[in-house]
Amino acid sequence: MAFRQKLFFIKNQGRKLAENPTSHLFMAKEITSREENYSQWYIDIVQKANLADNSAVRGCMVIKPNGYALWENMRDQLDRMFKETGHVNAYFPLFIPKSFLSKEAQHVEGFAKECAVITHHRLMNAPDGSGVVVDPSAKLEEELIVRPTSETIIWDTYRTWINSYRDLPLLINQWANVVRWEMRTRLFLRTAEFLWQEGHTAHATKDEAVAETRTMLDVYATFAEEWMAMPVVKGVKTANERFAGAEDTYCIEALMQDGKALQAGTSHFLGQNFAKAFDVKFSNKENQQEYVWATSWGVSTRLIGALIMTHSDDDGLVLPPKIAPTQVVIVPIPKPTPEIDEAANKLMKELRSKGIRVKYDTDDQKRPGFKFAEHEMNGIPVRLGIGARDLAEGKVEVARRDTKEKANQPVEGIADYIIGLLDEIQQNLFDRAAAFRTEHTTKVDNFDDFKSVLEGKGGFVSAHWDGTSETEEKIKELTKATIRCIPLNNPQEDGKCVLTGNPSKERVLFAKAY
RNA sequence: CGGGGUGUAGCGCAGUCCGGUUAGCGCACCUGUUUUGGGAACAGGGGGCCGCAGGUUCGAAUCCUGCUACCCCGACCA
């Protein structure tokens, strides 16, 4: 493959240059450009911004402090939004009895191929002294599955919690880790173990459950757009892409910089499938037994991957101010002095009093240039430089990460200026991503255009589809593109399926996806 | 699960084809000096069970056999 050769070439070139002490091309923190190799760029960002690392365990990552701080901010905001919409948190077991999983037929079919299974509960010293082995006498009566998702254990529990319509709705969320034994993993985007939240709600009526599904979809979309500055399309999945056990799967779909789509969150209307599988009934006002209606919804650490691929650039991570762990960093130039410390501390106090997350870089070993590059790599939205010159002029140097512009600002009133700037950066990131998505959403009306757009500029392709799974499969085979969603509030228009020519009454969004 | 790689210092690699002093290089780390407004320079220094287990040999990072781990690309998925 040409791609491999290119990579090989780069490796060799790197080797030669590394031997040359005058070369600055392969400094420790240099990252691969997006143009050169997008997926290597992604890996470089994750590792060099210290977000995460591969671990000793296949497919499982170590989330490092920088990455975890980001997750904490995302989690905290989502948690607030869940609570504002009436939900409470609870926690259910990590393990699920094997028999539970098979109670809902489609559900088990969807997850069976990627389950980690617990078969024993004890180790013993190996007879030959070579270490420890599984004690065969400690075999479990029934194997346990490490949860790939918790519908089954939760619905088994709900049976005992729900008796009357007065117990409904039951609006519960849990923050947890889950395990899906994926064939191939990528940091944040798809790991064998990942962190997420899963909401599981129970309702007396279908309408109420559907409304809940849509409410949570809106919460996700609001979070993605207002906090992550990541524009998303709200839509509904086709039968092929539906969650195992759901009647309808709603989703938010985002577009990454390489033109591939990423499912950023899902909200499922589960109908009465799980209520029937786990026999969860309630007495209605007329004292008749009815099955409960269900929803589930989740977002995961994958959002961090989405964030990276939406905003970051060849200099490193770019973070939206609202979720950046550190929003402002102060760099003493060229190094800390009592005068600069005093000015910085005063500045920090003022910024913190206005709720800004600010840090002062007191490292007296590294030089300013190094720090500039490092803070840019880490995606800190605003950098303030203070040196003797600035102190004398009563100014600070303000550098923004998104545009890399620098300007001198009077210290007087700087807090308000920075509050405005953070808002502006947040908005600029969203606008930039939205413009990219608009530019990379293409309407096509025949299959040749369909293919050439996908192979060329990529992105979302808006096209007519005859509504059959067969056609969807065929298109996937031919182009690797899938239907990302049928957008909500989709305009109705008569057209012909881009593949079969059969009649269609609305366009759907296709894309290659992560 | 198929295809392709790679395991040598914390990280990135050279050395392996063709066996031979004490296993090298860059970055990082430690000490010191000079520096410091966009990734500092010099000098000195520390750090290795060459993935694991066997074998061949006077001698193995290098050759042979077996094992194992991880990465990348596909099919599967959030």
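Sequence lines set the chain letters: A, B, ... in the order given, protein chains first and strands last, and positions in each chain run from 1. Just so it is clear, the structure is predicted and the values come from calculations on it, not from any experiment.
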Distance, P atom - from B:U68 to B:G10, rounded to whole angstrom: 25 Å
Which atom of A:H311 lies closest to which atom of A:M228, heavy atoms considered: NE2-O, 2.8 Å
Sugar-phosphate only, base, or nothing, as touched by A:T191 at under 4.0 Å among non-hydrogen atoms: base
Sugar-phosphate only, base, or nothing, as touched by A:L187 at under 4.0 Å among non-hydrogen atoms: nothing
Ionic contact status for A:E247 with A:R242, cut-off 4.0 Å: no
Sugar-phosphate only, base, or nothing, as touched by A:A264 at under 4.0 Å among non-hydrogen atoms: nothing
Nearest-angstrom distance from the residue atom CZ of A:R484 to C1' of B:C77: 11 Å
Spacing of A:H107 atom NE2 relative to B:A78 atom C1', expressed in whole Å: 14 Å
Nearest atoms (heavy-atom pairs only) where A:Y42 meets A:G305: OH-CA, 3.4 Å
Atom pair distance, as rounded to whole Å: CD in A:Q365 and P in B:A28: 13 Å
A:R367 side chain near B:G39 phosphate (N/O to OP1/OP2, under 4.0 Å): no
Between B:A40 and B:C72 - C1' atom distance, rounded Å: 36 Å
Nucleotide of B:U36, B:A78, B:C77 approaching A:R302 most closely (side-chain heavy atoms): B:A78
Distance, P atom - from B:A61 to B:U21, rounded to whole angstrom: 10 Å
Distance-only donor-acceptor check, side chains A:Y250 and A:D218, under 3.5 Å: no
C1'-based separation of B:C49 from B:A60 [nearest Å]: 14 Å
Min side-chain heavy-atom separation A:P325-A:N73 under 4.5 Å: yes
Nearest atoms (heavy-atom pairs only) where A:D248 meets A:V236: OD1-CG2, 3.8 Å
Nearest-angstrom distance from the residue atom CG of A:D53 to P of B:G10: 15 Å
5'-most by nearest nucleotide on RNA chain B - A:Y514 or A:I333: A:I333
Check: A:K335 side chain, B:G37 base, donor-acceptor under 3.5 Å: no
Sugar-phosphate only, base, or nothing, as touched by A:S300 at under 4.0 Å among non-hydrogen atoms: base
Any donor-acceptor N or O pair under 3.5 Å, side chains A:R484, A:T482: yes
Secondary structure string for RNA chain B (Watson-Crick or G-U under 3.5 angstrom, | for other-strand pairs): ((((((((.[[[[.)....(...]]]].((((((.....)))))).....[[[[[..)....]]]]])))))))....
Touch class at under 4.0 angstrom, heavy-atom based, for A:F194 against every strand present: base
Side-chain heavy atoms of A:I483 within contact of A:W465, under 4.5 Å: yes
Sugar-phosphate, base or nothing in reach of A:K406, heavy atoms under 4.0 Å: base
Minimum-distance nucleotide to A:K480 side chain [options: B:A75, B:G38, B:G37]: B:A75
Any donor-acceptor N/O pair under 3.5 Å between B:G38 base and A:E397 side chain: no
Touch class at under 4.0 angstrom, heavy-atom based, for A:L189 against every strand present: base
A:E182 CD to B:C71 C1', straight-line distance once rounded to whole Å: 17 Å
Spacing of A:Q263 atom CD relative to B:C77 atom P, expressed in whole Å: 11 Å
Distance between P atoms of B:G12 and B:C77 (Å, rounded): 33 Å
A:K48 NZ - B:C27 P separation (whole Å): 15 Å
Side-chain H-bond candidate by donor/acceptor type, A:N89 with A:D79, under 3.5 Å: yes
Sugar-phosphate, base or nothing in reach of A:R186, heavy atoms under 4.0 Å: nothing
Pairwise C1' distance for B:C30 and B:G37, with rounding to whole Å: 29 Å
Nearest-Å distance once atom P is located in both B:G39 and B:A78: 46 Å
Sugar-phosphate only, base, or nothing, as touched by A:E241 at under 4.0 Å among non-hydrogen atoms: nothing
Length of the line joining A:R180:CZ and B:C76:P, which is rounded to integer Å: 17 Å
Residues A:D315, A:K48: salt bridge by 4.0 Å N-O rule: no
Euclidean distance for P, B:A9 against B:G15 (whole angstrom): 15 Å
